[in-house]
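Input: a single structure, listed below in structure tokens.
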Amino acid sequence: MATPIHEINDLLRGRWRPRNFDSTHDIAREDIDLMLEAARWAPSAMNRQPWKFIVGLRDETRERIDKHVRGYSDWALDASALIVNCYQKTPDSALDFALYDLGGAVAHMSVEAEDIGAKLRQFATFDRDGLANEFGLGDEWIPVTICAVGTPGEMASSFGRERKPASELTF
């Protein structure tokens, strides 16, 4: 019989999402590569791995991403990196798990970000069509969210982070 686990992994329990980032911090490309490696190892239906990412550091790619950020997500422009999360549509299947699989890959990236000492916050307020056109994604690839990655700014805090009790997660 397995021994009951009383605490979840500290990386999961300690994860929080800042709403402001240090605009002077530059994340190392090697750290981003580790996050992408974590995404690579995420499970996917039929091992399709239907995800791709557009990575913008403080470079030309980032400038191309930045101009499509909209709404209440201007806080993300201070992050060290923006990573566009895309999934590949499955035209020949009535049941498409690609979006679910992308979520798992991004979850793996968020845990890896915590492990390397970075913070990751997803957001969905951006011009999807404009960004898809900007990067020539066509109809096959769908940008869903963008991850802002970096270190928290001075005013960032995990204060007020609450989760539903586990008893509310099941029917």
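All of these numbers come straight from a predicted model, not from anything done at the bench. Each residue takes its place number in the sequence, starting with 1.
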For the atom pair CE (Met35) and NE2 (His108), what is the distance rounded to the nearest 0.5 Å? 13.0 Å

Donor-acceptor contact present, side-chain Asp101 to main-chain Pro50, <3.5 Å: no

Specify the closest pair of heavy atoms between Ser73 and Phe123, including all atoms of both residues, with the distance to one decimal. OG-CD1, 3.2 Å

Side chain to side chain, Arg62 and Asp66, heavy atoms closer than 4.5 Å: yes

Between the CZ atom in Arg128 and the CZ atom in Arg70, the distance rounded to the nearest 0.5 Å is 11.5 Å

4.5 Å side-chain heavy-atom contact, Asp31 and Val149: no

Phe135 ring center within less than 6.0 Å of Trp141 ring center: no

Looking at Lys89 and Ile142, what are the two nearest heavy atoms and their distance? CE-CD1, 3.6 Å

Closest non-hydrogen atom pair, Val144 against Leu102: CG2-CD2, 3.8 Å

Before accepting this row, confirm whether a basic side-chain N of the pair Arg58/Asp26 lies closer than 4.0 Å to the acidic partner's carboxylate O. yes

Check the hydrophobic clustering (I, L, V, M, F, W, Y; side-chain heavy atoms under 4.5 Å; chains of links allowed) and say if Trp51 and Leu99 are grouped together. yes

Any side-chain heavy atom of Ile146 within less than 4.5 Å of one from Leu131? yes

Which atoms form the tightest heavy-atom contact between Leu120 and Arg17, and what is the distance? O-CG, 3.8 Å

Between atom CZ of Phe97 and atom CE of Met46, what is the distance when rounded to the nearest 0.5 Å? 7.0 Å

Can you tell me how far apart CD1 (Ile83) and CE (Met109) are? Round to the nearest 0.5 Å. 4.0 Å

Minimum heavy-atom separation for Val69 and Phe126, please, with both atom names. CA-CB, 4.1 Å

What heavy-atom pair brings Gly56 and Thr61 nearest, and what distance separates the two atoms? CA-CG2, 4.0 Å

Just wondering, are more than 12 heavy atoms of other shown residues or ligands nearer than 6.0 Å to CD in Glu168? yes

Rounded to the nearest 0.5 Å, the OG1 atom of Thr125 sits from the CG atom of Asp74 at a distance of 8.5 Å

Taking side-chain hydrogen bond (donor to acceptor under 3.5 Å, both in side chains) as the test, write out the residues that go with Glu112, two or more places apart. none

Nearest-0.5 Å distance, CD of residue Gln49 to CG of residue Asn47: 4.5 Å

Contact between Leu36 and Val55 at the side-chain level, heavy atoms closer than 4.5 Å - yes or no? yes

Would you check, one step at a time, whether the test side-chain contact (heavy atoms from CB on, under 4.5 Å) holds for Arg121 with Arg19? CA-CA 8 Å; Arg121 183 183 183 108; Arg19 195 163 195 132; 3.4 Å; yes

